[in-house]
Amino acid sequence: MTTESYPLGAQAGSHGNWLMKYAAPQAFFPLAGKMIPWFGTLAALLGAAGLYVGFFVAPTDFQQGEVYRIIFIHVAASWMSMFIYVVMAGWAALGLVLNTRLSGMMASALAPTGAMFTFVALWSGALWGKPTWGTWWVWDARLTSELILLFLYFGFIALTTAIDDPRRADRAGALLAIVGVINIPIIYFSVQWWNTLHQGASVSLTKSPSMATTMLTGMLLMALAAWMYSIAVALWRVRSIILERERDAAWVRELRGQE
Amino acid sequence: MSWGSFGNFLHMGGYALYVWGSYGVAALCIAAELGTLARRWRAAQRRP
């Protein structure tokens with residue numbers, strides 16, 4: 001490992017070396033490229049296993065019939081919509097504190113995937129609500145706060161793309177992302193804090209799950225697949241962002257010359 | 001879980017619209033994201 005070009009890392013000891021090395025976009029670019037196929041393959045395998053368990057192993061629900069099978073996409077997408085926001089805000093905060101270029105790029109790379117999962121959560125929720133609650137939509141706490149999450153993602157994307165200077169865009173976006181984090185515990189605890197049509201958590205750390213083991217297995221496989229997918233896609237997007245932002249840097253021109 | 005026939009599987013106990021509507025739109029969203037990303041990646045590589 002060369003440390004000459006990374007003076008900050010040289011002061012921070014060997015662990016710091018490693019972190020600082022990959023905080024530089026030109027070092028992270030090839031590393032991300034190597035990781036994408038692994039995460040992508042895992043996403044496909046876990047997704048296939050999750051769908052198999054969800055549709056061919058898990059039994060019919062005695063109350064809801066087959067419509068409950070929406071759970072496998074709904075829960076995975078809903079969890080991911082919240083996780084991605086927290087990770088995005090974490091990267092944004094790191095960028096504000098350390099002023100590292102890569103942090104803002106990671107936050108921007110996560111936002112569209114988070115918005116996508118939020119939309120899927122809302123959509124599958126509406127299609128599940130109609131046959132079980134008798135309505136596509138209600139303005140209750142869980143649904144409304146999840147809709148606000150979608151607008152937070154849209155706001156972040158709109159704000160960061162509206163500002164031409166990428167470093168200023170990162171800082172403005174970071175503030176929005178950090179303020180918006182307050183919405184995540186509101187979504188999560190909304191079913192406990194307010195009266196809502198939405199059911200409480202089926203899975204929690206403190207009590208055993210209120211569902212059949214095979215249903216739970218399918219749900220967890222789909223959630224893992226969503227994780228792997230998100231990582232693969234965010235890494236791919238961050239590579240695009242690095243190329244876009246550093247297009248005039250010598251290392252990018254060199255890279256382009258090789259191809 | 002045995003569906004008996006492919007027709008039964010598609011029928012989803014009468015909830016085909018809701019179940020396949022959810023998974024179909026999710027698949028479309030993933031395809032759209034991967035499609036836009038592929039285009040963005042190629043454009044970023046080409047840019048002089």
Side-chain angles (χ1 to χ4, degrees), chain A residues 40 43 47 51-61 64-74 76-77 109 112-113 115-117 119-121 123-132 214 222 226 229 232-234 236-237 239-248 252-253 255-256 259, chain B:
Chain A
L51 288 174
Y52 176 75
V53 171
F55 281 99
F56 297 105
V57 180
T60 306
D61 187 76
Q64 292 195 13
E66 308 299 352
V67 78
Y68 94 90
R69 291 183 199 276
I70 293 175
I71 202 173
F72 303 110
I73 188 72
H74 180 73
T113 307
M116 190 276 283
F117 277 120
F119 174 76
V120 169
W123 178 271
S124 58
L127 284 172
W128 198 0
K130 186 63 181 169
T132 50
T214 46
M222 290 295 277
Y229 170 84
V233 167
W236 193 10
R237 193 176 287 113
R239 289 188 98 213
S240 307
I241 295 174
I242 291 173
L243 279 190
E244 287 162 14
R245 290 199 189 176
E246 313 241 316
R247 58 177 174 273
D248 298 324
V252 173
R253 268 183 275 149
L255 200 74
R256 216 173 263 125
E259 282 162 8
Chain B
M1 179 68 203
S2 166
W3 293 94
S5 75
F6 188 60
N8 283 348
F9 175 68
L10 286 183
H11 190 246
M12 270 297 139
Y15 295 111
L17 171 73
Y18 306 105
V19 174
W20 300 127
S22 297
Y23 284 90
V25 168
L28 279 180
C29 285
I30 289 171
E33 181 174 34
L34 293 177
T36 25
L37 198 46
R39 226 177 311 137
R40 183 176 185 174
W41 171 244
R42 279 197 302 271
Q45 280 179 312
R46 267 198 312 269
R47 196 174 299 189

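Since this is a predicted model, take the numbers as computed values, not measurements. A note on names: the letters A, B, ... follow the listed sequences, proteins ahead of strands, and every chain is numbered from 1.
- When heavy atoms are compared at a cutoff of 4.5 Å, A/Gln64 approaches chain B solely by way of its backbone atoms N, CA, C and O.
- Interface residue B/Trp41: backbone and side-chain heavy atoms are both found under 4.5 Å from chain A.
- Note: B/Phe9 and A/Phe56 have parallel aromatic rings, judged against thresholds of 30 and 60 degrees for the angle between ring planes.
- B/Ile30 touches chain A through backbone and side chain together, each having a heavy atom under 4.5 Å away.
- Minimum interatomic distance between B/Tyr15 and A/Pro131 (heavy atoms only, all atoms of both residues): CE2-CB, 3.8 Å.
- Taking CG of B/Leu34 as the start and CE of A/Met116 as the end, the distance is 8.0 Å to the nearest 0.5 Å.
- Put simply, OG on B/Ser22 and CD1 on A/Ile70 are 3.5 Å apart, with the number rounded to the nearest 0.5 Å.
- In this structure, CD in B/Glu33 is found 9.5 Å from CH2 in A/Trp236, a value given to the nearest 0.5 Å.
- The residue among A/Leu51, A/Ile241, A/Thr60, A/Thr113 with the most heavy atom pairs within less than 4.5 Å of chain B is A/Thr113.
- Atoms CD and CZ, from A/Glu244 and B/Arg40 in turn, are 4.0 Å apart once rounded to the nearest 0.5 Å.
- Atoms CZ and CG, from A/Arg239 and B/Leu37 in turn, are 11.0 Å apart once rounded to the nearest 0.5 Å.
- In this structure, A/Thr132 and B/Tyr18 have side chains that are not in contact, with every pair of non-hydrogen atoms separated by 4.5 Å or more.
- Across every non-hydrogen atom of B/Trp3 and A/Glu66, the tightest pair is CH2-OE1, 3.4 Å.
- For chain B, the nearby part of A/Val57 is the backbone; its heavy atoms alone come within less than 4.5 Å.
- Heavy-atom distances place no part of A/Phe117 under 4.5 Å from chain B, backbone and side chain included.
- Contacts of B/Ala38 with chain A are made by both backbone and side-chain atoms, with heavy-atom separations under 4.5 Å.
- A distance of 6.0 Å or more separates the ring centres of A/Phe72 and B/Tyr23.
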